[in-house]
Every structure is written in C-alpha cells, then in structure tokens.
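Below: the structure, in structure tokens.
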Amino acid sequence: MDEFIENLKTELENIDSYEEKVEWIDTQCDARIDKMVDDFATNKTPEQLEAYKARISDYRKSLPLSTGITQPIIGICRQILGFGAAGVALTIGFWKNISEIELLYRMYITIAGIYYLQLMIIAMFVLILYVLQARFRYPFLQFVKIGNSWPFFYYASISKKTKYSVFQRKKDYLSANENYGIDLLRFVNKATRDDTKELIKLELKQFFLLVSLQGYLNQHSLRLANSFIYGFASATIALLIVVLTIIYGSL
Amino acid sequence: MSNWDQGKISKIKLLLGIAISLAIFVLFLYKLFKPGLG
C-alpha cells in the first residue's frame with residue numbers, strides 16, 4: 001500500500017498540467033479501490049457482502065456533518081452590525097449636543113465608539129469569511145471516479161452540459177429536456193445492475209467523501225470562531241489598556 | 001503538527017490583533033482630541 005502511494009506521488013511529479021494530474025489520481029486510485037474491494041469480496045458469501053454494505057451505509061448516515069458553532073457566531077455578527085447601524089443613526093441625531101458633554105466623558109464615549117467600530121469591522125470580516133467558505137470548492141468535486149458517487153450527488157449523475165440559467169430559450173429548454181432523459185436512462189441503467197460489490201465501492205467512496213467534508217466543515221467553522229476570538233479579544237484587551245492608561249496615566 | 005494543534009489559537013496572531021486595535025484606538029483618539037481642538 002505504502003509502495004503504491006509512493007509510486008503515485010513520483011509519477012504525479014512527471015505530469016505537467018493540473019487537469020492531467022487530477023485525472024491521473026482519479027484513475028489510479030479508482031483502479032486500486034476496485035482491486036482492494038475485489039480482493040475483499042472473494043471468499044465472501046452474498047449475505048456477508050450485503051451485511052457489510054448495510055453496516056458501511058449505517059456508519060455513513062450517522063456521520064455528524066454540522067458543528068453548531070457557525071450559526072451562533074453568524075447571529076452575533078449580524079446583531080453587532082445591526083446595533084452598530086442604529087448607533088450611527090443615534091450619533092447623527094445627537095451630534096450637536098456632543099459639545100455639551102465634559103471632555104473626559106466625551107473621551108470615554110469616543111473610546112466606546114471606537115471599540116464598537118472595531119467589533120463591527122470584525123463582524124463584517126467574519127461574514128465575508130463565511131460567504132467565502134460557502135463558495136469553497138471541495139477537492140472531491142474535481143474527481144469523476146473517486147469523487148461524488150452517482151447515487152448520492154447530482155454532479156456524477158446530471159450531465160455537465162445542463163444549463164442552470166433562469167433565462168432560457170426554447171432551444172435551451174429542449175437541450176435540458178434531452179439531457180434529463182439521457183441522464184435518467186444512464187441512472188436507471190446503473191441503478192438496476194444491483195451489483196453488491198459495486199454498491200460497496202460506492203458506499204465506501206461516499207463514506208470517505210463525507211469524512212473529508214466533515215473535516216472541511218469543522219475546520220472552516222473553527223476558523224470562523226478563531227477569527228472572531230482574535231478580533232474580539234484583541235479589541236477588548238486594547239480597550240482595557242487604553243482605559244487604564246487614561247485612568248492611571250497622563251493621556 | 002499534532003492533531004491537537006489544528007484549532008489552537010496562536011499567541012502571535014492575538015498579539016498582532018491587540019497591536020492593531022491599540023493603533024486604531026490611539027490614532028482615533030489623537031485625531032479627535034488633538035491639543036487645541038478641545
């Protein structure tokens with residue numbers, strides 16, 4: 001196994017273009033998976049294979065695919081931005097009365113304002129990061145054979161020629177209809193084969209894909225949380241330093 | 001890098017953040033309360 005991986009790596013270095021490299025990984029790994037599952041399936045009764053498939057399927061279904069951290073952080077950021085907008089409106093409303101406040105208190109209000117401004121910048125940054133994560137391209141999307149398996153995701157079952165634009169002419173509709181029919185035929189053709197070995201391969205591929213996806217989802221959500229913590233903690237500590245300087249120093 | 005380190009908060013980034021935040025504070029305060037404008 002290690003030898004195979006080493007070979008794959010060295011041969012990958014000799015290929016130039018990105019597309020060819022991806023295709024190479026795709027075909028090599030798929031062939032190897034075929035071989036491994038075939039080896040595994042020999043000397044096993046159909047019942048045993050069926051039970052194995054069911055077990056893998058259960059594992060796959062019970063994978064947790066969300067962290068629960070992301071949504072609260074996004075909610076907090078939205079709230080900070082919302083309150084900030086209200087604060088700006090209030091500030092404009094009371095702009096003329098500001099000079100009536102004593103200088104020291106005006107300074108404290110200013111510091112609070114700057115602190116909140118920093119929180120708003122952080123909230124904006126976290127929201128932008130969130131949107132960037134939403135459009136992230138996972139590495140398994142580029143693979144045809146070892147990526148998404150056809151029963152589980154549309155990438156592998158729907159023709160790439162399908163147009164998703166909402167403005168379509170009759171010609172586009174017709175090509176969509178044609179693609180739909182052909183894709184359905186291919187799908188049913190594959191689905192009616194009912195080859196347990198083939199299904200085990202699909203289950204295993206999809207299982208690993210979900211494990212990988214889980215890794216990305218968790219790390220992305222951790223990054224979101226960390227960005228928020230860096231910004232929030234930094235701004236708060238800086239606020240404390242400034243306030244302490246004013247109280248005990250000669251600013 | 002061990003698995004444990006994957007989500008760790010780095011001290012350098014935190015210190016950098018504090019430095020930037022302090023800079024923003026000082027810059028704004030200086031602009032707003034420049035002597036003679038009070």
Side-chain angles (χ1 to χ4, degrees), chain A residues 67 69-70 73 91 95 98-122 125-126 214-247 249-251, chain B:
Chain A
T67 55
I69 313 172
T70 309
I73 288 177
T91 315
W95 190 256
I98 279 178
S99 53
E100 291 166 19
I101 306 169
E102 209 181 307
L103 184 65
L104 184 68
Y105 293 118
R106 216 195 300 168
M107 208 162 191
Y108 280 129
I109 293 169
T110 310
I111 289 167
I114 299 170
Y115 177 62
Y116 205 86
L117 185 78
Q118 290 186 356
L119 290 192
M120 279 172 75
I121 294 168
I122 294 154
F125 175 78
V126 170
Q214 190 191 38
Y216 277 101
L217 290 175
N218 271 290
Q219 286 296 321
H220 279 176
S221 128
L222 208 54
R223 252 142 230 252
L224 220 56
N226 276 359
S227 304
F228 191 74
I229 289 171
Y230 285 131
F232 191 68
S234 307
T236 309
I237 294 168
L239 170 82
L240 287 177
I241 293 172
V242 169
V243 170
L244 289 178
T245 323
I246 290 173
I247 293 174
S250 58
L251 195 79
Chain B
M1 196 173 83
S2 76
N3 279 342
W4 179 253
D5 291 334
Q6 283 195 16
K8 219 172 75 177
I9 289 172
S10 85
K11 276 181 196 142
I12 297 160
K13 283 183 191 171
L14 198 62
L15 284 175
L16 198 72
I18 294 169
I20 293 169
S21 302
L22 267 177
I24 292 172
F25 267 115
V26 172
L27 192 77
F28 270 78
L29 287 178
Y30 179 74
K31 284 264 175 202
L32 280 164
F33 295 96
K34 242 192 276 188
L37 275 180

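Atom set for the values below is all heavy atoms of this structure, side chains included, hydrogens, waters and symmetry mates excluded. Each chain gets a letter, A, B and so on, in the order the sequences are listed, and its residues count up from 1.
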task: Give, as side chain, backbone, both or neither, the part of A:Ile111 having an atom under 4.5 angstrom from any heavy atom of chain B.
output: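 Both parts, backbone and side chain.
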query: For A:Ile121, is it the side chain, the backbone, both, or neither that has a heavy atom closer than 4.5 Å to a heavy atom of chain B?
result: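 It is neither, since no heavy atom gets under 4.5 Å.
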query: For A:Ile247, does the CD1 atom sit with more than 12 other heavy atoms under 6.0 Å from it, leaving out its own atoms?
result: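 It does: A:Ile247 CD1 has more than 12 such atoms within range.
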- prompt: For A:Phe125, does the CZ atom have more than 12 heavy-atom neighbours from other residues, nucleotides or ligands under 6.0 Å away?
  reply: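 12 or below, so no.
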- prompt: Quick one: CG on A:Leu239 to CG on B:Leu22, what's the gap to the nearest 0.5 Å?
  reply: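 Atom-to-atom, A:Leu239:CG and B:Leu22:CG are 9.5 Å apart.
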- request: Measure the CD1-CD1 distance between B:Ile24 and A:Ile114 for me, rounded to the nearest 0.5 Å.
  value: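 Going from the CD1 atom of B:Ile24 to the CD1 atom of A:Ile114 covers 9.0 Å.
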- prompt: Do the non-hydrogen side-chain atoms of A:Tyr230 and B:Ser10 ever get within less than 4.5 Å of each other?
  reply: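 Side chain of A:Tyr230 against side chain of B:Ser10, heavy atoms only: contact under 4.5 Å found.
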query: Considering all heavy atoms of both residues, which atom of B:Phe25 and which atom of A:Ala235 are nearest to each other, and what is their separation?
result: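 Nearest heavy atoms, B:Phe25 then A:Ala235: CE1-O, 4.0 Å.
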- prompt: Looking at B:Leu14 and A:Ala233, what are the two nearest heavy atoms and their distance?
  reply: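 Closest heavy-atom pair between B:Leu14 and A:Ala233: CD1-CB, 3.9 Å.
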